[in-house]
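Provided herewith is a single structure, encoded as structure tokens, for subsequent inquiry.
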Amino acid sequence: MARRLLLGCSAVGNTLVERTRESRGELVAITDDTGWASTLRDRNVATVEADPTDPATYPDSAAVVLVASDDPERNVAAAEAARRRYPDAMIVAHVGTNPTAAQQEALEAVADRVVDPVEAVVSRVREATGVDADEEPVRLLKTLRNLSGPLLVVAHDNPDPDAIASALGLVRVAESIGVPADACYGGEIAHQENRAMVNLLDLSLRTFDETDLDDYGGVALVDHSRAGINDSLPEGHPVDIVVDHHPPRGPVDGAFVDIRPDAGATSTLIEEYLSRLGIEPDRDLATALLYGIRIDTKDFTRSTSIPDFEAAASLSAFADESTLERVESPSVSPETLRVLARAIEGRDVRGSTVASCVGEIGDRDALAQAAERLLDLDGITVTFVFGYTDGVIYGSARSRGADLDVGELLRDALDPVGSAGGHATMAGAQVPLGILQEVSESESLEDVVGAFVAGRFFEALDDAPSQPTGGLPEFPTD
């Protein structure tokens, strides 16, 4: 007699197999999913590759039947067929992914027990951590469950390691409860270290250009908080989930919003979700999250909180340090070296502050690298490097040990003519070239841009009050 019969397979069915190792001879599985059939056979489970809703494929008897595909409609059909074939059997049915109310009611009418993995995870969280139903991990799961379709996780444009890792981490959380999800970004991944991270860890992200919003039932933002502001979504597009560590510059909408300016990285928040929900990150995800925290906190020397250290310690147990070393030491592009050389050559030093126009650029991310490197100059505490491409002036500012906030400084200087902001120690700006392109024959565009932007920057610097460093408005930080 087949004591246990598995109809259909999914992560839930796979868990059953894992939990019945010692009595596997009593388990028979029926699935028409070739991949799962192969996996089950590799684990020495007697498996029939056939339609699990067709009773003609069932064994003569079964005491316990588990219905476990991800398709709610097929689960209803399989449960009803099993009840007709085995009137006295105990039937346990998995609800599947995003069941309708009618499908859930149909399962409850025929099965002895209906299993909802989301609620099971919620119970596990409550038991293991003592969290309330209103706390973040539980609220996140409820929000994911209520989506009408797959989740699109959107990183900010030209994403940094923290945004990339956070997007993939949120995808992992969604998929753990059967919600399909994709991570995407706009712009490009230009920084050598960022490209190295994506390539060496074989991270899967879509570009926004190859993404159709109509294919998704929900949208999540990570490492930024407003649609259409530093991402490729239409401005004001509905958002369901927001996870960020930047203070917002305006109202933030979403069924689930978790913004913690005290955290040094969004990856810290994602690690907390994984840990408290009992989701073990694989090596690549753990490595990416750890790198995201290290980059955004500048190896725990900038805007670092206790949760950042705790998250990094937890991730270190899973991360690949050798791969991390390769990510942190990529080859430097000729464009980055050219921009750095131009930044040094054209620097305008006033006290402990340096600003430098590098002219036309081919790699916007080189500005951020140059701004970081100029902080190594003796006596320099604030740097601002800017250049232009495709009709837009881009700038990147950094500070170390300064008593002013460079995010606020750039906002004062350039928000009136473009958009700017960031953190106390790291900020960015974008300004349309506009009429500056109409230069006279006696002046070069580089000279005009340099005089205009540096003039506004130093004027704002003269007017800036001294203040302790701390998080400030969101914006592209590179």
(request) Provide the closest heavy-atom pair for Asp231 versus Ala155 in the form atom of the first, atom of the second, distance. (result) CB-O, 4.1 Å
(request) Test salt bridge (Lys or Arg N to Asp or Glu O under 4.0 Å) on Arg456 and Glu459 and set out the steps. (result) CA-CA 5 Å; Arg456 296 190 67 95; Glu459 181 180 347; over 6 Å; no
(request) Answer yes or no: is there a side-chain heavy-atom contact under 4.5 Å between Asp160 and Asp223? (result) yes
(request) Write down the atom of Pro99, the atom of Gln104, and the distance for their closest heavy-atom approach. (result) CG-OE1, 3.9 Å
(request) Measure from the side-chain N and O atoms of His245 to the backbone N and O of Ala263, and report whether any donor-acceptor pair falls under 3.5 Å. (result) yes
(message) If the threshold is 4.0 Å, N to carboxylate O, is there a salt bridge linking Arg411 and Glu408?
(response)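 Looking at Arg411 and Glu408, the cut-off is met.
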(message) I need the Leu404 CG to Leu461 CG distance, nearest 0.5 Å.
(response)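 CG of Leu461 is found 6.5 Å from CG of Leu404.
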(request) For the pair Thr268 (side chain) and Pro307 (backbone), establish whether a donor and an acceptor sit closer than 3.5 Å, ignoring hydrogens and angles. (result)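 Answer holds: no.
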(message) For a quick check under 3.5 Å, do Ser305 and Asp308 share a side-chain donor-acceptor pair by atom type?
(response)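 Per modelled atom types, Ser305 and Asp308 side chains form a pair under 3.5 Å.
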(request) For residues Arg342 and Glu345, determine if any side-chain heavy atom of one lies less than 4.5 Å from a side-chain heavy atom of the other. (result) yes
(message) Less than 4.5 Å apart, side chain to side chain, heavy atoms only: is that true for Val243 and Leu140?
(response) no
(request) Kindly indicate, with the supporting measurements, whether the criterion side chain to side chain contact (heavy atoms under 4.5 Å, CB included) is fulfilled by Glu272 and Arg260. (result) CA-CA 12 Å; Glu272 178 187 292; Arg260 303 187 215 172; 3.0 Å; yes
(message) Given 3.5 Å as the limit, does a donor-acceptor pair link the side chain of Asn75 with the main chain of His94, or not?
(response)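 Confirmed, Asn75 side chain pairs with His94 backbone.
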(request) Starting at CZ of Arg373, measure out to CD1 of Ile380 and round the result to the nearest 0.5 Å. (result) 15.0 Å
(request) Would you check if Phe256 and Leu144 make a side-chain contact, meaning some heavy-atom pair closer than 4.5 Å? (result) no
(message) If I take atom CD from residue Glu360 and atom OG1 from residue Thr389, how far apart are they, to the nearest 0.5 angstrom?
(response)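 Nearest 0.5 Å value for the CD-OG1 distance: 6.0 Å.
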(message) How long is the straight-line distance from OG of Ser314 back to CD of Glu280, given to the nearest 0.5 Å?
(response)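 Nearest 0.5 Å value for the CD-OG distance: 9.5 Å.
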(message) Under a 3.5 Å distance rule, please check whether Thr353 uses its side chain to pair with a backbone N or O of Val349 as donor and acceptor.
(response) no
(message) Using modelled atom types and a 3.5 Å cut-off, is there a donor and acceptor pairing between side-chain atoms of Ser38 and backbone atoms of Thr34?
(response) no
(request) Before accepting this row, confirm whether a basic side-chain N of the pair Arg338/Glu335 lies closer than 4.0 Å to the acidic partner's carboxylate O. (result) yes
(message) Is any side-chain heavy atom of Ser232 closer than 4.5 Å to one of Asp157?
(response) yes
(request) With Thr336 as reference, evaluate Leu367, Asp365, Asp363 under the side chain to side chain contact (heavy atoms under 4.5 Å, CB included) test and give the passing residue. (result)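 Among the candidates, only Asp363 passes.
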(message) Has Asp415 got a side-chain atom pairing as donor or acceptor with Ala420's backbone, closer than 3.5 angstrom?
(response) yes
(message) Tell me whether Asp462 at atom CG has more than 12 heavy atoms from other residues, nucleotides or ligands lying less than 6.0 Å away.
(response) yes
(request) Would you please test Cys357 and Glu446 for side chain to side chain contact (heavy atoms under 4.5 Å, CB included) and show each step? (result) CA-CA 7 Å; Cys357 177; Glu446 182 174 335; 4.0 Å; yes
(request) Apply side chain to side chain contact (heavy atoms under 4.5 Å, CB included) to Ile270 and Ser166, showing your working. (result) CA-CA 6 Å; Ile270 297 296; Ser166 298; 3.9 Å; yes
(message) I want to check something: taking the side chain as every heavy atom from C-beta on, are Leu151 and Glu175 in contact at a cut-off of under 4.5 Å?
(response)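 No, too far: nothing below the 4.5 Å cut-off.
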(request) May I ask you to decide if Ile259's main-chain N or O and Asp244's side chain share a donor-acceptor pair within less than 3.5 Å? (result) no
(message) Using side-chain heavy atoms (C-beta onward) and a distance below 4.5 Å, is Phe384 in contact with Val453?
(response)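 Yes, close enough: below the 4.5 Å cut-off.
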(message) How close do Glu235 and Ile229 get, counting heavy atoms only, and between which atoms?
(response)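 Closest approach of Glu235 to Ile229: OE2-CD1, 3.9 Å.
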(request) Taking all heavy atoms of Val219 and all of Pro238, pick out the closest pair and write down the distance. (result)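 Scanning both residues, the minimum pair turns out to be CB-O, 3.9 Å.
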(request) Report yes if the side chains of Phe208 and Leu213 come closer than 4.5 Å at any heavy-atom pair, otherwise no. (result)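 Yes, side chains in contact.
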(request) Show your working on side chain to side chain contact (heavy atoms under 4.5 Å, CB included) between Val239 and Asp253 and close with a plain yes or no. (result) CA-CA 7 Å; Val239 172; Asp253 296 322; 5.9 Å; no
(request) For residues Val382 and Ser399, report the shortest heavy-atom separation together with the two atoms involved. (result)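 Taking every non-hydrogen atom into account, CG2-CB, 4.0 Å.
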(request) Please check if the side chain of Asp162 supplies one atom and the backbone of Thr266 the other of a donor-acceptor pair under 3.5 Å. (result)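 Between the backbone of Thr266 and the side chain of Asp162 there is a qualifying donor-acceptor contact (under 3.5 Å).
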(request) First locate atom OG of Ser419, then atom CG of Asn230, and finally report the distance between them rounded to the nearest 0.5 Å. (result)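 If I round to the nearest 0.5 Å, the distance is 8.5 Å.
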(request) Specify the closest pair of heavy atoms between Ser267 and Ile293, including all atoms of both residues, with the distance to one decimal. (result)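 Minimum heavy-atom contact is CB-CG1, 3.7 Å.
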(request) Look at the aromatic rings of Phe309 and Phe300 and report parallel, tilted or perpendicular, splitting at 30° and 60°. (result) parallel
(request) Look up atom CG in Leu221 and atom NE2 in His156, then write down how far apart they are to the nearest 0.5 Å. (result)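 NE2 of His156 is found 11.0 Å from CG of Leu221.
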